[in-house]
Amino acid sequence: MSEHSSNNAQKDEQKNDFIRNIIRDDVKAQKYPQIVTRFPPEPNGYLHLGHVKSICLNFGVAEEFGGVCNLRFDDTNPTAEKQDYIDNIKNDVEWLGFEWAGEAHHASGYFDQLYAWAVQLIEQGDAYVDLQSPEQIKENRGSFNEAGTASPQRDASVEENLKLFNDMKEGKFAEGKAVLRAKIDMASPNMNMRDPVIYRVMHQEHHQTGDKWCIYPMYDFAHPLSDALEGITHSLCTLEFEDHRPFYDWAVEKVGFDVPPHQYEFSRLNVDHTMTSKRKLKQLVDEHIVSGWDDPRMPTIAGMRRRGYTPEGLRDFCERVGVTKVDSVVDFRLLEFSIRQSLETTTARAMAVLKPLKVTITNFAEAVSSWESQKADSVNARWDDDAQTLWLTQPNHPNVDMGEREIPFTETLYIDQGDYEIEPPAGYKRLSPEKPEIRLRNTYVLAVTEHILDDAGNVVGLKATIDPATLGNNPEGRKVKGVIHWVSASQGVPATVRMYEQLFSVEDPSSVADVHQALNPDSLTELNAVVEPSLANAAAGTRFQFEREGYFIADTADHSRDKPVFNQIVSLRDSYKPA
Ligand code: ATP
Ligand code: MG
């Protein structure tokens with residue numbers, strides 16, 4: 001309890017980040033009638049963990065300060081964008097638990113207005129059409145130490161520029177033959193101010209506007225003006241846009257907004273062994289390195305959802321990471337910590353044996369025949385004579401009311417191969433020839449009497465007895481240490497269990513030129529497990545704690561009653577503690 005409340009206090013403290021402090025001051029000064037933020041993804045892929053931080057920040061501050069947050073698709077580059085991405089982005093934001101104001105917006109919805117403003121800039125003498133080739137434009141931008149060279153078109157008349165821009169719009173130029181540039185300062189120390197391109201020719205259909213346009217605004221032009229149009233007060237973006245802020249302010253000022261939006265930059269979220277770039281994640285999908293955008297190993301929201309991560313856990317993670325201007329790499333274990341915390345009191349317990357080893361109870365019939373007279377009062381059970389099964393009723397959670405279920409206890413069981421060792425390592429607390437007794441979870445104490453080996457010397461089966469006096473009672477005259485989980489061999493259900501490791505074996509996969517060299521060959525292992533019957537009946541998408549094994553989810557794509565499939569969400573414990 002005390003640990004829990006101190007964690008909360010810590011989270012509240014982190015909410016005093018520099019952005020919230022700025023907004024708090026603006027609210028106090030009544031600078032705006034309402035705080036308005038936006039989340040502006042480009043629909044060129046699925047959202048990833050990095051976007052979760054931006055979503056939690058933009059929607060989070062709007063909520064906290066009584067404002068609203070818009071969802072806007074920054075769709076100025078039709079070549080890479082698709083409606084499918086738009087649909088999935090919406091779904092992901094909703095799943096995280098956020099609601100955008102009104103309808104989703106599109107930068108493409110403002111194309112008419114942006115075009116009119118481009119014309120206005122030309123009329124003001126603030127923009128011109130450049131007919132240089134892309135190579136010439138690049139060369140003439142100059143360098144860090146050298147001013148750029150003015151284009152021959154830079155001082156053309158307003159009339160000529162208006163005509164050429166209209167020609168661009170009318171499709172009279174091939175791609176790369178003409179661009180519209182802002183007329184600012186070819187000697188600016190900030191390269192972004194050396195007459196940046198604001199419109200280009202692209203003979204390309206757009207997923208929203210069809211073939212209406214063959215010129216498209218550049219992101220740097222569309223973004224500030226879309227913000228201004230929507231009345232965004234605080235435009236929050238990542239640090240790499242810091243050098244773009246002077247142009248952001250220039251565009252808003254030249255068009256003439258009374259209440260300009262302001263851009264604030266925060267550091268990107270980087271997590272070790274994780275890739276946060278839509279473009280690079282797309283490569284993994286396109287090359288079938290993963291099964292799709294929603295492969296449970298992917299750091300996409302779709303992948304993490306299918307993996308079984310919770311929205312609560314992801315939001316908690318973002319709160320713990322906080323918002324700063326300092327670039328850093330966050331420990332992946334903090335994410336797992338938050339996910340684990342969110343599952344502790346919300347998931348039912350159940351038993352699944354991941355690597356089954358068969359155990360035959362040689363005294364089953366005679367031991368169980370006296371169960372009713374020997375059981376402890378705390379044991380709730382019934383005998384099914386036809387099935388020769390003792391059904392044990394167990395609560396689904398030790399201290400949260402999640403109902404009960406019946407677990408079948410039978411003559412043959414499975415325990416995990418790892419729970420019996422012929423030559424146990426030092427400190428081993430489970431079964432071995434020297435320590436043949438252990439408690440089976442929720443039922444009797446078991447004593448191994450014999451192990452069966454295959455030709456290679458592997459243990460392939462055990463024979464054992466149960467102590468009839470130990471159903472819910474401690475054994476007489478001796479202490480039995482340890483408790484293991486088990487599943488009935490005759491009533492249990494075979495299941496595929498997918499165990500995951502990091503997708504990448506290197507800490508910073510983006511630093512490796514060939515992504516194939518960065519992959520962890522053991523990122524997915526499929527196990528032929530056996531699960532208790534209640535698990536096979538679970539609805540797809542239900543999360544469980546498999547006792548002693550970790551948290552798992554019935555896979556949303558592949559799980560069925562006949563062929564149960566579970567994905568490992570996260571292990572049960574880690575020595576990691578957040579600072
Ligand atoms: P990607 O390179 O993966 O496409 P992006 O920044 O180009 O990322 P956008 O779709 O333009 O993706 O991003 C939408 C918003 O999410 C932007 O405001 C961007 O700054 C933010 N964002 C993207 N990646 C991160 C990250 N790793 N951490 C925090 N915010 C991010
Ligand atoms: Mg991008």
Side-chain angles (χ1 to χ4, degrees), residues 17 19 36-62 69-82 84-86 88-90 92-93 96 98 100 104-108 218-224 226-227 230 232 234-245 248 261-286 293 298-304 314-315 317-330 332 334-335 508-510 515:
D17 56 68
I19 287 180
V36 188
T37 58
R38 86 288 169 266
F39 173 62
E42 184 184 355
N44 62 344
Y46 281 50
L47 298 181
H48 52 62
L49 189 52
H51 294 113
V52 177
K53 173 172 177 176
S54 179
I55 292 169
C56 288
L57 177 64
N58 279 296
F59 285 91
V61 298
C69 180
N70 290 354
L71 173 63
R72 182 200 317 139
F73 293 100
D74 252 315
D75 53 354
T76 53
N77 179 11
T79 43
E81 299 164 0
K82 289 202 297 200
D84 171 61
Y85 295 144
I86 292 178
N88 278 289
I89 287 171
K90 287 180 173 175
D92 288 347
V93 173
L96 276 174
F98 296 108
W100 54 88
H105 300 272
H106 297 257
S108 58
M218 299 299 286
Y219 172 86
D220 272 352
F221 183 64
H223 190 76
S226 303
D227 280 352
E230 291 177 12
I232 303 300
H234 300 78
S235 179
L236 312 176
C237 65
T238 36
L239 278 177
E240 68 271 23
F241 290 101
E242 201 163 14
D243 288 347
H244 297 238
R245 180 160 21 101
Y248 183 104
H262 283 283
Q263 174 180 303
Y264 300 93
E265 308 88 13
F266 61 94
S267 62
R268 293 178 74 83
L269 174 64
N270 302 304
V271 178
D272 63 274
H273 296 90
T274 304
M275 208 173 236
T276 42
S277 150
K278 286 191 230 105
R279 188 176 53 79
K280 289 179 180 162
L281 293 170
K282 185 169 185 293
Q283 188 194 348
L284 302 178
V285 175
D286 290 345
W293 285 103
M298 289 280 271
T300 50
I301 297 178
M304 295 188 289
L314 287 168
R315 292 201 306 262
F317 168 69
C318 288
E319 278 186 31
R320 288 171 190 278
V321 167
V323 181
T324 70
K325 270 186 168 298
V326 184
D327 268 317
S328 65
V329 179
V330 175
F332 186 80
L334 178 62
L335 174 58
D508 179 9
S510 298
V515 72

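We number each residue from 1, following the sequence as shown. Just follow the structure's listing: the first ligand is 1, and inside any ligand the first atom is 1.
At under 3.5 Å, a nitrogen or oxygen of K278, whether backbone or side chain, sits near a nitrogen or oxygen of ligand 1. Residue H48 has at least one N or O atom closer than 3.5 Å to an N or O atom of ligand 1. Remark: ligand 1 and N44 share no N or O pair separated by less than 3.5 Å (distance only, no angle test). Of the N or O atoms in E42, one or more lie within a sub-3.5 Å distance of an N or O in ligand 1. Backbone and side-chain nitrogen or oxygen atoms of R38 are examined, and none is located within less than 3.5 angstrom of a nitrogen or oxygen of ligand 1.
Every atom of ligand 1 is numbered from 1 in the order shown, and the set under 4.0 Å from a heavy atom of T238 is 19 (C), 20 (O), 29 (C), 30 (N), 31 (C). Of all atoms in ligand 1, listed by their number and element, those nearer than 4.0 Å to a heavy atom of P40 are 14 (C), 18 (O).
By the criterion of a heavy-atom distance under 4.0 Å, neither the backbone nor the side chain of R279 is placed next to ligand 1.
M275 is listed as a side-chain neighbour of L281, based on a closest heavy-atom distance under 4.5 Å. Counting heavy atoms from C-beta on, the side chains of M304 and V52 come closer than 4.5 Å. At a threshold of 4.5 Å between non-hydrogen side-chain atoms, the residues F317 and V330 count as touching. For the pair N44 and N77, the minimum side-chain heavy-atom distance is 4.5 Å or more. Looking at heavy atoms from C-beta onward, L47 lies in side-chain contact with P41 at the 4.5 angstrom threshold. Taking 4.5 Å as the limit, some side-chain heavy atom of L284 sits within range of a side-chain heavy atom of M298.
The shortest heavy-atom distance from K280 to ligand 1 is not under 4.0 Å.
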Starting from the C-alpha separation in whole Å, work towards a yes-or-no answer on salt bridge (Lys or Arg N to Asp or Glu O under 4.0 Å) for R38 and E230. CA-CA 9 Å; R38 86 288 169 266; E230 291 177 12; over 6 Å; no
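Summarising the contacts of atom 31 (C) of ligand 1 with C237, P41, G50, the nearest heavy atom is found in G50. Evaluated by nearest non-hydrogen atom to atom 12 (O) of ligand 1, the leading choice among M275, H51, E265 is H51.
In this model, a donor atom of one side chain and an acceptor atom of the other lie less than 3.5 Å apart for D84 and N88.
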